[in-house]
Structure formats: structure tokens, C-alpha cells
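Atoms within each ligand, like the ligands themselves, are counted from 1 in listed order.
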Amino acid sequence: MAHYPEDLERWRRAGAISDRARQLGVRLTVPGARRREVADAVEQYIREQGAAPAFPVNLSRNQEAAHYTPSRDDEATFVAGDLVKVDVGAHLDGAIADTAETVEVGGTHRYENLVRAAREARAAGIARVRPGVRVDEVSRAIAEAIRARGLKPIENLTGHSIERFLLHAGKAIPNVPGMSDATLEEGEVIAIEPFATNGAGRIENGPFGNIARFRGDPGPADPALAAMFARFHTLPFATRWASTPEEAAALRRARRALQTYAVFVEEAGGWVAQAEHTVLVGPDRAEVLTGASGDSG
Ligand code: MN
Ligand code: MN
């Protein structure tokens, strides 16, 4: 039996906003651009569309696969040849979309094989989506597309199902076969996100990436924390989103109420490209919610 979100139109709107936000981030990721300003501009765009960021704009570079967002005092700029994963998401009242593209800054074409492998794997995975299909079939298509370019899929990062206010819900969509017994069900929303690398094909935890998440409601005892929980719920947020010195101080005090995220770094120092779309499992195929522009390849 199909279980579509009852507010499906809201999920489609969140997808369209995320699609345009990702494209804006890609356009802004040029040599000399400050990465904090790129993140701020994309998040501001999402808010101007009447949505909220579902997580901080991730701008992970080179050997970093994911989970880096600039801190408030990050003054670093992009340089030609940087391989930047622009990973963005918007939500409308908990209806979330999540999408990513990899930019080779300055168009140096040194890592085009990696960028293409991730995009082709995303398209190959999406092409397998239909109700009743084994997740393993999607994973196999993703891995084969990356290996066809002589590269490795990152085996310990996965796509994921998405539910209201839950970016990573119960079902994983692995990027290699042999890891899932699940099947896809009509009406599910899933993110498909292959990572391709010229390294070992695994990531490990690096330093704190300036992203945290409330494990649960911290309660009213600390007004600054309560105000932040009202804004972010249990979704990931950037430490730079603390809007007052009181909130920044509360975050430092409240480490125990928070899950903090480490940057994911390629284990062997390989470079990493990622491509991601959020799709709805439709009656006979995927509806790409974050690819309204037709840019789903
Ligand atoms: Mn994702
Ligand atoms: Mn993502």
C-alpha cells in the first residue's frame, strides 16, 4: 500500500527551492569567493523563499566528503582547482529536500572524471527507482557507474530515507551492493547520494565541522537554548546561526544536549566528488524533487 506524505505539494515546493538554492551555490563557488559568504547567501535565499535551511549549507573541499560548514570567523576563500561539494537543503514545516553538486572551482578540469562519476552514479541509481525494487539493485547501479570510471564509491556513506523533520530516517541507500535487504515503497521520499573517490573508498571522522543538532527538547531552563530549539527542532544547524552572544555561550555550555558532527575525510587522502537528489518513489518511477530544471543527470 502506498504511503505518500499527506502534504506532498509541500515536499515538491521544498524540492524546487532546494534545487534553485543548489544552483545558486554552484554559481557563487568561484575563485576568490569567501566560503562563509557563499553559505550565508544560499541560506538567505532559502529563507527569502519562505523556507528554512534543513541543515547548514555544506561546502566540503577536496579530501573532505561532507559535513563542513563555515564558522562565523571563517575568512577562507576558494581557489582554482578546489573540488567543492555544494550540499544544500530546505524545509517547509518539516518537509525536507536534500541535494548536492560538486564544483571544480575555476573550471580547471583536473577532476572531471570524479565529478562525472558521481553524477552518472546518481542518474544510474535514480533510473532503478520504482516501488518494490530492492535497494540493493539501486546500490549496485551506483557502484557500477563509479567503477566504470576506474574510481571507488565511498562504502561507508549512504543515501537515506527522509521523513518529516527527520533528515536521516530509517532506510539507508548504500553506495555499494550487499549492504541492504530493504525494498523501496511507493510514496517514500529518499535521497540518493553517491560519493566517488580516487582514494580508499572509505571516510573517517576529521575535526568538528561547525554543525550540531539537538538530541531532544532541552526544556525551558535555559532561555537561549529554548529559543534555538524552537528554530531548529532536531534538524542540524550551524554554530554560526547563533543569533546573539547569549546563544553562542549557551551552545558552548550545552554540549551534552547536542550531537556534534565531525567532517568526513577520505581515509587515504583521496579526493571526493558527490552528487545528490531527493526523489519521490512514484507509481512506476522516481520523481526527482530537486531536479525541476531537468538537471538530473
Ligand atoms: Mn543526504
Ligand atoms: Mn546532502
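In terms of distance to the Mn ion (ligand 1), the nearest N, O or S atom of Glu193 is named OE2. Looking at Asp98 and the Mn ion (ligand 2) together, the shortest N, O or S contact belongs to OD1.
Here Arg122 pairs with Glu101 in a salt bridge; the nearest charged N to carboxylate O distance falls below 4.0 Å. Using a 4.0 Å cut-off between charged side-chain N and carboxylate O, Arg147 and Glu144 make no salt bridge.
The Mn ion (ligand 2) lies under 2.8 Å from an N, O or S atom belonging to Glu276. The Mn ion (ligand 1) has an N, O or S atom of His160 inside 2.8 Å of it.
Checking each of Phe55, Phe165, Phe214, Trp241 against Phe232 for a ring-ring contact (aromatic ring centres under 6.0 Å, His included) leaves exactly one that passes, namely Trp241.
Classification of the Phe264-His67 ring pair by plane angle, with boundaries at 30° and 60°, yields tilted.
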